[in-house]
There are 2 protein chains.
Amino acid sequence: MQKQAKAVFEQYLSKKNLKATHQRNLILETFLKTEKHLTHEELYEIVKKKDKSIGQTTVYRTLKLLVESDIAREVDFGDRIVRYEHKCCHIHHDHLICMHCKKTIEIVDSQIEELQESIAAKYGFVLVDHNMSLYGICNDCFK
Amino acid sequence: MQKQAKAVFEQYLSKKNLKATHQRNLILETFLKTEKHLTHEELYEIVKKKDKSIGQTTVYRTLKLLVESDIAREVDFGDRIVRYEHKCCHIHHDHLICMHCKKTIEIVDSQIEELQESIAAKYGFVLVDHNMSLYGICNDCFK
DNA sequence: CTGTTCGATGAAATTAAATTTCAATTTCGG
DNA sequence: CCGAAATTGAAATTTAATTTCATCGAACAG
Ligand SMILES: [Mn+2]
Ligand SMILES: [Mn+2]
Ligand SMILES: [Zn+2]
Ligand SMILES: [Zn+2]
């Protein structure tokens with residue numbers, strides 16, 4: 001899984017004539033090891049522990065490369081905070097978010113995907129991507 | 001339609017002990033007259049033509065009030081630009097966006113809404129809100 | 001109508017986020 | 001190893017949004 005993402009990145013870099021640097025490798029590895037939806041800032045904090053010399057700008061720039069190479073995906077749970085999640089080697093999923101405790105559940109639902117396709121088709125669109133977030137209150141928070 | 005929104009706003013202001021000012025009225029009226037998804041900046045430009053003295057800050061502040069009073073809704077078509085659309089007296093809709101020409105189509109689909117409810121229920125959530133955007137290429141742009 | 005009170009306003013200042021600049025450094029093919 | 005070209009980190013810049021504050025105006029009692 002991680003190997004595949006690394007191979008994808010390597011290939012992307014070489015295709016674009018970009019270099020495989022220590023910083024890029026470290027940032028990618030760190031990103032792949034986390035299983036949360038993390039912000040640019042959060043990733044930077046973790047990376048900094050492993051290499052104090054890494055700059056925030058490089059994390060910004062590398063995250064942008066990860067998005068371009070389809071290794072990462074930007075998500076926004078309605079709070080205007082950009083978070084990143086794994087995309088490479090993961091099936092597409094949507095999110096169910098508790099507005100109270102902020103817990104998020106990843107949803108994989110083929111019925112939804114099919115319905116989205118048919119709606120797009122109805123209007124003569126070729127569907128490329130979508131983004132769906134459901135906001136509610138979870139069991140625990142509902143008391 | 002516009003009358004109802006104005007009544008809602010008036011009621012909201014009085015409930016919160018806020019004042020009905022010339023500026024707030026003008027901004028609300030201008031917003032209600034447009035039928036597009038417009039940015040804070042775009043609304044400001046239109047408002048300024050009617051009253052040169054109005055400040056951008058007031059447009060910001062008033063848009064916030066409109067959102068709080070459920071007259072407006074913030075939307076983001078994936079470009080991180082906040083746009084505002086009418087919410088009061090409009091049935092909920094989702095969006096289908098052409099990634100090429102940026103045309104947007106408003107979707108009302110009860111099947112989707114039902115499916116969303118049932119997904120939320122499956123995970124023990126009470127659904128409060130959702131946001132779905134479909135990105136694709138429209139007929140015209142597909143050539 | 002006043003006059004008074006307290007919220008509203010606009011300009012400027014501030015804060016915060018993201019991007020750009022640039023000199024020094026690193027990568028990598030030869 | 002060398003040198004060209006990309007990369008880096010810090011600082012500067014840009015941009016967006018919020019806050020501050022002196023003045024203004026809405027609302028309401030009298
Ligand atoms: Mn996710
Ligand atoms: Mn709309
Ligand atoms: Zn919860
Ligand atoms: Zn189009």
Side-chain angles (χ1 to χ4, degrees), chain A residues 6 9-31 37-69 72 74-84, chain B residues 6 9-31 37-69 71-84:
Chain A
K6 284 183 191 175
F9 193 49
E10 218 170 292
Q11 193 160 2
Y12 179 80
L13 291 178
S14 103
K15 192 182 69 190
K16 295 266 180 173
N17 260 57
L18 305 175
K19 288 173 177 170
T21 66
H22 159 66
Q23 289 92 332
R24 285 174 178 164
N25 289 333
L26 181 59
I27 292 167
L28 172 58
E29 258 179 36
T30 308
F31 173 69
H37 302 101
L38 32 69
T39 62
H40 146 268
E41 183 78 25
E42 287 163 347
L43 182 58
Y44 173 59
E45 291 303 327
I46 303 174
V47 164
K48 216 166 47 176
K49 284 181 191 155
K50 303 184 190 174
D51 181 345
K52 269 190 77 116
S53 75
I54 277 189
Q56 224 173 7
T57 319
T58 301
V59 176
Y60 262 108
R61 289 190 279 224
T62 303
L63 274 170
K64 191 164 283 186
L65 293 179
L66 295 186
V67 170
E68 286 167 13
S69 58
E74 293 186 348
V75 293
D76 174 355
F77 296 149
D79 51 10
R80 314 245 108 242
I81 297 173
V82 179
R83 292 164 188 281
Y84 296 86
Chain B
K6 284 182 191 175
F9 193 50
E10 217 171 293
Q11 193 161 1
Y12 179 81
L13 291 179
S14 103
K15 193 182 68 189
K16 295 267 180 173
N17 261 57
L18 305 175
K19 287 172 179 171
T21 66
H22 159 67
Q23 289 92 331
R24 285 174 178 164
N25 289 334
L26 180 59
I27 292 167
L28 172 58
E29 259 180 35
T30 308
F31 173 69
H37 302 101
L38 32 68
T39 61
H40 146 268
E41 183 78 26
E42 287 163 348
L43 182 58
Y44 172 59
E45 290 305 324
I46 303 173
V47 164
K48 214 166 49 174
K49 283 179 191 153
K50 302 185 190 173
D51 181 345
K52 268 189 78 115
S53 75
I54 278 189
Q56 226 174 7
T57 318
T58 302
V59 176
Y60 262 107
R61 288 191 278 225
T62 304
L63 273 171
K64 191 163 283 186
L65 294 179
L66 296 185
V67 170
E68 285 166 14
S69 58
I71 289 166
R73 183 162 79 117
E74 293 187 348
V75 293
D76 174 355
F77 296 150
D79 51 10
R80 316 245 111 242
I81 297 172
V82 179
R83 291 163 188 283
Y84 296 86

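So that the names make sense, note that chain A is the first sequence line, chain B the second, and so on, each numbered from 1.
Residues passing the salt bridge (charged side-chain N to carboxylate O under 4.0 Å, His left out) test with A:Glu29 are A:Lys6, sequence neighbours excluded. Evaluation of the ring pair (Phe, Tyr, Trp, His ring centres under 6.0 Å) rule for A:Phe31 yields A:His86 as partners, not counting sequence neighbours. Every residue was checked against the side chain to side chain donor-acceptor pair (under 3.5 Å) condition with A:Tyr60, not counting sequence neighbours, and none meets it. Scored by the side chain to side chain donor-acceptor pair (under 3.5 Å) test, B:Glu45 finds no partners at all (sequence neighbours excluded). Taking B:Arg61 as the reference, nothing meets the salt bridge (charged side-chain N to carboxylate O under 4.0 Å, His left out) condition, with sequence neighbours excluded. Not counting sequence neighbours, B:Glu68 has no partner by the salt bridge (charged side-chain N to carboxylate O under 4.0 Å, His left out) test. Residues meeting the side chain to side chain donor-acceptor pair (under 3.5 Å) test with B:Lys50, sequence neighbours left out: B:Thr30.
The nearest whole Å value for the distance from the CG atom in B:Leu26 to the C1' atom in C:dA8 is 15 Å. When the P atom of D:dA16 is taken as reference, atom CD1 of A:Ile81 falls 19 Å away, rounded to whole Å. A:Lys16 places its NZ atom 12 Å from the P atom of D:dT7, with the value rounded to the nearest Å. If you take CZ of A:Arg24 and C1' of C:dC28, they are 13 Å apart, rounded to a whole angstrom.
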Identify all pairs in which a protein N or O lies below 3.5 Å from an N or O of nucleotides 18-21 of chain C, and state each distance.
residue : atom : partner : partner atom : Å
C:dA18  : OP2  : A:Tyr60 : OH           : 2.9
C:dT19  : OP1  : A:Lys64 : NZ           : 3.3

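Of the residues in residues 44-54 of chain B, those placing a heavy atom less than 4.0 Å from an atom of DNA chain C are B:Ser53, B:Ile54, in numerical order.
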Side-chain donor-acceptor distances from residues 74-84 of chain A under 3.5 Å, at least two apart:
residue : atom : partner : partner atom : Å
A:Asp76 : OD1  : A:Gly78 : N            : 2.8
A:Asp76 : OD1  : A:Asp79 : N            : 3.3
A:Asp76 : OD1  : A:Arg80 : N            : 3.1
A:Asp76 : OD2  : B:Arg80 : NH2          : 3.3
A:Asp79 : OD1  : A:Ile81 : N            : 3.1
A:Arg80 : NH2  : B:Asp76 : OD2          : 3.1
A:Arg83 : NH1  : A:His37 : O            : 3.4

For residues 14-22 of chain B, dump all side-chain donor-acceptor pairs below 3.5 Å to protein atoms at least two apart in sequence or in another chain.
residue : atom : partner : partner atom : Å
B:Thr21 : OG1  : B:Arg24 : N            : 3.1
B:His22 : NE2  : B:Asp51 : OD2          : 2.8

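Residues B:Gln56 and B:Asn17 each lie close to DNA chain C; by heavy-atom proximity, the contact nearer the 5' end of the strand is made by B:Asn17.
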Check: For every nucleotide of nucleotides 23-30 of chain D, 5' to 3': is a protein heavy atom under 4.0 Å from its base (B), only from its sugar-phosphate (S), or from neither (-)?
Finding: --BBS---

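Between A:Gly55 and A:Tyr44, the shortest heavy-atom contact is C-CE1, 3.8 Å.
Between atom OG1 of residue B:Thr62 and atom CG of residue B:Leu28 there is a gap of 9.0 Å, rounded to the nearest 0.5 Å.
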